[in-house]
Amino acid sequence: VMKKLITLAIIVILVLVTAPAVFADAARGQGVYMNFCAPCHASGIAGAPRVGDKPAWSERSAKDVDVVISNAINGYQGKSGFMPAKGGNSALTDEEVSAAVMYMLEQSR
C-alpha cells in the first residue's frame with residue numbers, strides 16, 4: 001500500500017510540475033497562430049487548411065505529427081496548395097512553429 005501511495009504521489013508531483021509547461025505551450029501556440037498563421041489558415045489562402053476544418057486536418061493528422069511539423073518548418077508543396085517554410089516568417093523558431101501546428105491540430109479535431 002505504501003509503495004502505491006508513493007507512486008501516486010510521484011505522479012501527482014510530475015503532473016503539477018509539467019502542467020504549467022503544457023498550458024504555456026498551448027498559449028504560445030495560439031499566440032503564434034493568431035499573429036502569424038491565421039492570415040492563411042483562417043481563410044484558406046493558397047490551399048492552407050482552415051483551422052476547424054476537420055476533414056482537411058484529419059488527412060494531415062493521419063500522418064506522423066512530426067511530418068506535419070517538419071512540413072510547416074521546412075515548407076511543403078502539395079496537390080492542393082503550398083506551405084512556405086515557417087509560413088514565410090524565417091524569424092519564427094522551430095519551437096514556435098511546432099507549438100502553432102499543435103494548436104491548429106487541437107482546434108481541428
Using residues 65-72 as the side-chain source, report each donor-acceptor pair under 3.5 Å to any protein atom, sequence neighbours left out, with the distance given to one decimal.
unit_1: Ser70; atom_1: OG; unit_2: Asn74; atom_2: ND2; d: 3.0
unit_1: Asn71; atom_1: ND2; unit_2: Val67; atom_2: O; d: 3.4

Legend entry - With Thr93 via side chain to side chain contact (heavy atoms under 4.5 Å, CB included) - residues at least two apart: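 Thr93 satisfies side chain to side chain contact (heavy atoms under 4.5 Å, CB included) with Glu95, Glu96 only.
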Inset, instruction - For Asp94, check side chain to side chain contact (heavy atoms under 4.5 Å, CB included) against everything at least two apart and list the hits. - result: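 Checked Asp94 against side chain to side chain contact (heavy atoms under 4.5 Å, CB included); matches are Ile73, Lys86.
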What side-chain donor-acceptor pairs closer than 3.5 Å can you find for residues 31-45, not counting sequence neighbours?
unit_1: Asn35; atom_1: ND2; unit_2: Gly31; atom_2: O; d: 2.9
unit_1: His41; atom_1: ND1; unit_2: Pro49; atom_2: O; d: 2.8
unit_1: Ser43; atom_1: OG; unit_2: Pro39; atom_2: O; d: 3.1

Inset, instruction - Check whether Val51 and Met102 end up in the same hydrophobic cluster, where Ile, Leu, Val, Met, Phe, Trp and Tyr are linked by side-chain heavy atoms less than 4.5 Å apart. - result: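 Yes; Met102 is reachable from Val51 via cluster members.
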Legend entry - Cluster check Leu92, Tyr103: I/L/V/M/F/W/Y, side chain < 4.5 angstrom: yes
Inset, instruction - Heavy atoms only: give me the nearest Arg60-Gly47 pair and the separation to one decimal. - result: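 In terms of heavy atoms, the two residues are closest at NH2-O, 4.3 Å.
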Legend entry - Shortest non-hydrogen contact between Lys54 and Ser108, atoms and distance: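 Of all heavy-atom pairs spanning Lys54 and Ser108, the closest is CG-O, 3.3 Å.
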Inset, instruction - List for me each residue that meets salt bridge (charged side-chain N to carboxylate O under 4.0 Å, His left out) alongside Glu106, sequence neighbours excluded, and say none if there are none. - result: Arg109
Inset, instruction - Run through the side-chain heavy atoms of Ile, Leu, Val, Met, Phe, Trp and Tyr, join any pair under 4.5 Å, and report what else lands in Phe82's cluster. - result: none
